[in-house]
Amino acid sequence: MRVKIAIAASVILLATADSRAKDNRACILKATATVPRISGLVIKKTRTRPVPAAILATWQGQTRPIIVDVDTAAAGAEETYSYMCVMTKGSAYVRRVMS
């Protein structure tokens, strides 16, 4: 019986991690599509991180948001664009935030 419970718990954890990874990918794709169109702009790196506690303290949404950072380079200048992303009904919604 304990083995069955352990297997069930493992399956649930893996399913949760997989859905989180898919959510992160969707958020990254949406955020990179939202980066301003600048001639010569190159996206160097993207990463996700948790939303600051100050935002979470007032957050009323059902799903937990994440921050997507997009590191870019254009004309010798490097810049990071940060977006807050929320998954709602299978779609990613992003809004630019100032870090």
When the side chains of residues 86-93 are checked against the rest of the protein, which donor-acceptor pairs come out under 3.5 Å, sequence neighbours left out?
none

Discussion item. Going by the rule salt bridge (Lys or Arg N to Asp or Glu O under 4.0 Å), which residues pair with Arg96 if we only count those two or more places apart in sequence or in a different chain?
Written reply: Glu79
Worksheet item: Restricting to pairs with a member in residues 38-47, which pass side-chain hydrogen bond (donor to acceptor under 3.5 Å, both in side chains), not counting sequence neighbours?
Response: Arg47-Asp71
Worksheet item: What pairs of residues pass the disulfide (SG to SG under 2.5 Å) test when at least one of them lies in residues 56-91, not counting sequence neighbours?
Response: Cys27-Cys85
Practice prompt. Please go through Val70's hydrophobic cluster and name the other residues, only I, L, V, M, F, W, Y counting, with side-chain heavy atoms under 4.5 Å joining them.
Written response: Ile28, Val35, Ile38, Leu41, Ile43, Ile66, Val68, Tyr81, Tyr83, Val94
Worksheet, complete the sentence: Applying side-chain contact (heavy atoms from CB on, under 4.5 Å) to Pro52 and not counting sequence neighbours gives Ile55, Ile67
Discussion item. Using every non-hydrogen atom in the two residues, find where Ser82 and Asp69 come nearest and quote the distance to one decimal.
Written reply: OG-OD1, 2.6 Å
